[in-house]
2 protein chains.
Amino acid sequence: MKSRPRPISQGDVAAACGLSEMTVSRVLRGQRGVSPATIASVQAAARDLGYVPNRIAGALAGARVPLVAVIVPGLSNMVFPEVLMGLAEGLEGSGLQPVLGLGNYDSATEERVLAELLAWRPSAVVLTGLEHGARTREMLVRAAVPVVEIMDCDGPGIDCVVGLSQRAAGQDMGRAVLEAGYRNAVLLQSGQQGDRRQESRLAGFAEVLEGAGVPILGRLAYDGPSSVPKGRALAEAAITRWPEAEFLYCTNDMIAAGALFALQAAGRAVPGQTGLAGFSGLEILAGLAPRIATTDTRRFEIGRKAGEVILARLEGAAPGLRHEIAPRLDPGETLRR
Amino acid sequence: MKSRPRPISQGDVAAACGLSEMTVSRVLRGQRGVSPATIASVQAAARDLGYVPNRIAGALAGARVPLVAVIVPGLSNMVFPEVLMGLAEGLEGSGLQPVLGLGNYDSATEERVLAELLAWRPSAVVLTGLEHGARTREMLVRAAVPVVEIMDCDGPGIDCVVGLSQRAAGQDMGRAVLEAGYRNAVLLQSGQQGDRRQESRLAGFAEVLEGAGVPILGRLAYDGPSSVPKGRALAEAAITRWPEAEFLYCTNDMIAAGALFALQAAGRAVPGQTGLAGFSGLEILAGLAPRIATTDTRRFEIGRKAGEVILARLEGAAPGLRHEIAPRLDPGETLRR
DNA sequence: TGGGTCTGTGGTATCGATAACAGGACGCTA
DNA sequence: TAGCGTCCTGTTATCGATACCACAGACCCA
């Protein structure tokens, strides 16, 4: 066997079994219309030679690039990693590969990353949220590929939308709080300021409570990444300022966990005297006692559904533009019964 | 302006400014040897037309594919998401895009995913750990690209290795436990059975203790994903079986958090009566009181270093084959002083 | 037995960029 | 002014696959 300077190509396989490249291509893509004997011979040759197809060439020729551009703001809080796992499952077996871009919670970065990813002419694009810059929208329209916006379905999307209604999630929790009989509440938030999803959620919550005559005493915000200690600090500040507070609605489970510690340290009975709830359903906190009330956003499901929608679109189906993945309210043990 | 059925190509830009494709290509890649006037004219035309280069075509022609294949076992425990963020930072500005594959903690899947990713002819490959199947190794050798194995640097790698010595990390914790004066220990583990990194770590720990005459009373394992409740169950079983246990060394922070709850529920003073330690340095648990002793593996650093090594290799430098990122032992508050 | 569909296979153009080489214009030196 | 090097730009071939069309032979039915 003579040494090849270049990796094995389809042509080598074709030569090895005395067929044309075209036939080899057909066999390797599993197209029908090839005789069983030919199929066997091609497969054997490909295996023997250790042939690895070149998708770059295939993509250029086929005008179909089996890549999906995925832009998430970050990976630091378990939300998007789970979405990615769901997406990977949804795309499983389709031959589509996700290409990851990090938007860094910042629309200028998102735009830059999107431009880089679009240079690969992906077959579909997944982005987070519904708010995007004008140039971002323009690029996406020009790209003329399916676009799936995930995590939020409260407004109009560019194309498809897969997510939850943040507002409805807030409202649900609001109703649960009313049922539990709390007579006022405080909002605790952190993370990127002006986060639209968070705002909708808190608005939905406040709406329901105030509609029932239960006042929102106030809101404390920390402009930076969420963490348990930060939640603790926020909650301490809250109960100092509003000692009469009966319920703390936190924008996520980490803040809520910190708030729980603060309440316990302050000697307040949970959930009797003061209740609290978070948001996300972070599994890592499942072991805390008492279990924190939260809204499980089913991120894995969202990712998987996004994958399915993409596949449907690429097969020419019209899977509908809005897919709501209803979140699940988990009352845990920090809401009165 | 007439409607174009196809997206704008380099040829269109060339036509628009009356130059050859080659010159446009040179300008857009920032090659030197083009007059300033030409550069300006090309850039203006490209901007006006909204030209997005086609990397697929560029890759095919240039024999250089600006993609990095990254295979991690999963994204479920915050370890690999952080590595990915580090990697993204390390590759920042180089034009290299990571393509993600999930190996699902299973070497057959890893192999399949690797084959798929290699079909893109990536410029480099990043994988996790040092254990890989024979076919995996063969594919990598044949691919003839830089390979970086991350997270473990206790053995020989295929090419470059960036990570920590799991054994040394275990030894370090062992020494800390000796200094604290504990007189025996129990090992608690979960996750994939036969995980080599975990094994090395526990071995290093046990080695140091036994070398000093401090016995390992035993080991309890749960073959499944780690979680706080699982850690609690393991720890409960451990103190039932070995009531005399003075120290619990857990394979990760989630197990350790559960173990902490178990000890507290059993009324054992921590760290006075019984100490414990985890592994990873999961930030999400930073708010627990007492803070759990752990080993911060600096995953972000590992990812970033991997990116830097890849860049160096692609530029022809020889950055060294083994890069140890020393972990940091954080004594927290669950080790006696 | 002739004309039709159906199967299985091959030939050729093409995808959109880059590598390698070619060559004109210009300025400088002898 | 011949000769030579530099700077800038263009021409041609190529990367490795797929789309599209062509076509030979098997088979069917009237």
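Numbered from 1 within each chain, the chains take letters A, B, ... in sequence-line order. Just so it is clear, the structure is predicted and the values come from calculations on it, not from any experiment.
A salt bridge links Glu301(B) with Arg304(B): the distance from a Lys NZ or Arg NE/NH1/NH2 to an Asp or Glu carboxylate oxygen falls below 4.0 Å. The pair Arg313(B)-Asp159(B) meets the salt-bridge criterion, with a side-chain N (NZ, NE, NH1 or NH2) lying under 4.0 Å from an Asp/Glu carboxylate O.
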Checklist entry - Do Glu111(A) and His132(A) pass the side chain to side chain donor-acceptor pair (under 3.5 Å) test, and can you show the C-alpha distance, the side-chain angles, and the key distance before you say yes or no? => result CA-CA 8 Å; Glu111(A) 202 157 282; His132(A) 311 288; over 6 Å; no
Next on the checklist: Is there a side chain to side chain contact (heavy atoms under 4.5 Å, CB included) between Leu117(A) and Ile71(A)? Walk through the geometry before answering.
Outcome noted: CA-CA 9 Å; Leu117(A) 293 186; Ile71(A) 303 185; 3.8 Å; yes
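For Thr23(B), no side-chain nitrogen or oxygen approaches OP1 or OP2 of dT9(D) to under 4.0 Å. The side chain of Ser20(B) contributes no N or O atom lying less than 4.0 Å from OP1 or OP2 of dT11(D). Under 4.0 angstrom from either OP1 or OP2 of dT9(C) there lies at least one side-chain N or O belonging to Thr38(A).
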Item to check | Per-nucleotide protein contact string for nucleotides 15-21 of chain C (B base, S sugar-phosphate only, - none; heavy atom under 4.0 Å) | outcome: BBBBBB-
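A donor-acceptor contact closer than 3.5 angstrom is absent between the side chains of Ser41(A) and Thr38(A).
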